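These notes are about the structure you will find just below.
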Amino acid sequence: MYKPVIGLEIHTQLKTESKMFCSCPNRSSVKEPNINICPVCLGHPGTLPVINEEAVKKVLEVGMALDCELRDVSRFDRKNYFYPDLPKGYQISQDRRPLCYEGFLDIKGKRVRIKRIHLEEDTGKLFHDEKEQSSLVDFNRAGIPLMELVTEPDIRSGYEAYKFAEELQLIFRYLEISDANMQEGQMRVEVNISISHMEGRLGTKVEIKNLNSFRAVQRAVDYEIKRQSGILENGKHVLMETRGWNEKKEETFAQREKEEAFDYRYFPEPDLPPMYLNDPPFNKQNIKLKTELPQKKRERFKNEYGIEEEKEMEVFIADRDLADYFERIMSETLNWTKEWDEKSKVQKREKNQLTRLVVNYLLTDFLGLIKEKTAKDTLITSENFAELIMLVYKKEISSKMAKDLLKEMHETGGDPSQIIEEKGLSQIKNTEEAKSLIKEVIEENSGAVIDYKEGKKEALQFLVGKVMAKTKGRLDPEKALDEIKKIID
Ligand code: ADP
Ligand code: MG
Ligand code: ZN
């Protein structure tokens, strides 16, 4: 068996007002080509770049979130190469003094070390027109701040690569430094893979580019592990090269050989001063994380609300609006119990039951109601949501009624007890009224009664259903069941 070794290089477009070295708006999604451009990002002679402080601070924030060292003095370097989407003939990047270095990210208890995080500028985009036999270039993207993160080769499988990239995307979104949408190229993952006989020995690495989904990352790595193993088993050598990913065939294909390292002739960017990160305007010592990171939140949600199931947890982790809403509802719900329970201290078991109710109504019924919208768009206040939960908890309404109420509340913003009153939906408490309604149902469904007497237990459920329909869910089904049995027996 061969041991796979994988390292990732991840480019992420930063969400800033303007581009990296000029004041053009940072908007890569605009359709019309070459409108967000200027002499600076086109590299016209005589122009000078100016460092975008916001972009530098964002990278430092990411470095902090990933436990990196933040450099004291950093600088930009010129990376020289020719390509038609690179207007200057060089890219301003960082070679020897990246902003951040030596960090790590733990994925399910496994540590992936981060080698470096640096800042550079994005390139333009080429469009190839097969019919016209020509290519067009759009420079709207040229000069957009691009953060590059490089890991140490600590990853061992396609699944781990996917999980790592996914967690990074979450962190970027939490920090609001990027939308990090892979399909739109805001986050681009390149994987380096090699295999060898021995743990710790590095084989010849192959780089795979153009992976635009997590699924592709995982598949490409797993495919490549198999391909390379096959080569070694046949006594041949793996070629050091760059490969692409064919989404349809689900296989990698050779793009270009990389026999010797390409010489970019890096040298310090003469048009930009070094960055003293302890001093204004950067003041790295003042940079603080503005938000709770996903892993912290998982731990807190587990401890505070007892959420154990991964599926549920990840819905909350991925959707921060929903998670905030959940927390507000929980705090309102616990307020309600204070009012209701004079002892004022909610017991642990009761709290757990209430939490389960809130989670279930949120993740099934509520998410079904809001569909593509976010929890921010609902008319249901957290207070009203909590009130509904208490009504269910105290068995004052059936779950069927609760679902209907939730829908109504979402549409009108109404208060649950008010809706109940207005629509005459309150639970039938008067047992005489309940009894006579049940008697009516029994008389109307004599066939089912006979079935039940003949031992068909399902007939009872059928009758309960009829009672619920007749009362529009205004009776507790368990009580109805007991009453039906009593009457028939
Ligand atoms: P290069 O200079 O060729 O870009 P780097 O040292 O910068 O190489 O590493 C690029 C990426 O490749 C990193 O993520 C690193 O972890 C990974 N890597 C380096 N060597 C190997 C290897 N033998 N097998 C797999 N990944 C590797
Ligand atoms: Mg590299
Ligand atoms: Zn510009």
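Order of appearance sets the numbers: ligands from 1, and atoms from 1 within every ligand. Keep in mind that this is a model prediction, so the values were computed, not measured. Throughout, residue positions are numbered sequentially from 1 according to the sequence presented.
Against a heavy-atom cut-off of under 4.0 Å, Val5 is close to the following atoms of ligand 1: 24 (N), 25 (C). Distances below 4.0 Å separate heavy atoms of Glu152 from the following atoms of ligand 1: 16 (O). Those atoms of ligand 1 with a heavy atom of Thr151 less than 4.0 angstrom away are 13 (C), 14 (O), 15 (C), 16 (O). The Gly7 neighbourhood of ligand 1 comprises atoms 14 (O), 16 (O), 17 (C), 26 (N), with distances under 4.0 Å to a heavy atom of that residue. Within ligand 1, counting atoms from 1 as listed, the ones closer than 4.0 Å to a heavy atom of Ser194 are 22 (C), 23 (N), 24 (N), 25 (C). Within ligand 1, the atoms closer than 4.0 Å to a non-hydrogen atom of Leu202 are 23 (N), numbered from 1 in the order shown.
Between the side chain of Asn192 and the main chain of Leu8, no donor-acceptor pair closer than 3.5 Å is present. Gln94 contributes a side-chain N or O that, together with a main-chain N or O of Arg97, makes up a donor-acceptor pair within less than 3.5 Å. Formation of a donor-acceptor pair under 3.5 Å by the Gln169 side chain with backbone atoms of Ala180 is found in this model.
Side-chain contact check for Asp321 versus Tyr325: every heavy-atom pair is 4.5 Å or farther apart.
Atoms SG of Cys22 and SG of Cys24, as seen from the Zn ion (ligand 3), are separated by an angle of 110°, to the nearest 10°.
The shortest N or O to N or O distance between Gly203 and ligand 1 is below 3.5 Å. In terms of N/O distances under 3.5 Å, ligand 1 is not approached by Ile6.
At a heavy-atom cutoff of 4.0 Å, ligand 1 is contacted by the side chain of Val150 but not by its backbone. Residue contacts with ligand 1 for Leu8 involve N, CA, C or O but no side-chain atom from C-beta outward (heavy atoms, distance under 4.0 Å).
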Check against salt bridge (charged side-chain N to carboxylate O under 4.0 Å, His left out), Lys58 and Glu54 = CA-CA 6 Å; Lys58 289 201 153 127; Glu54 194 193 353; 3.1 Å; yes

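Considering each of Arg116, Glu207, Lys205, the one bringing a non-hydrogen atom nearest atom 1 (P) of ligand 1 is Lys205.
Among all heavy-atom pairs drawn from Glu176 and Lys15, the shortest one is O-CE, 4.0 Å.
Counted within 6.0 Å of OH on Tyr83, heavy atoms from surrounding residues, nucleotides or ligands total 12 or fewer; the atom is thus considered open.
Ring-plane geometry between Phe366 and Phe385 is classed as perpendicular, the angle between the planes exceeding 60 degrees on a 0 to 90 degree scale with a lower cut at 30.
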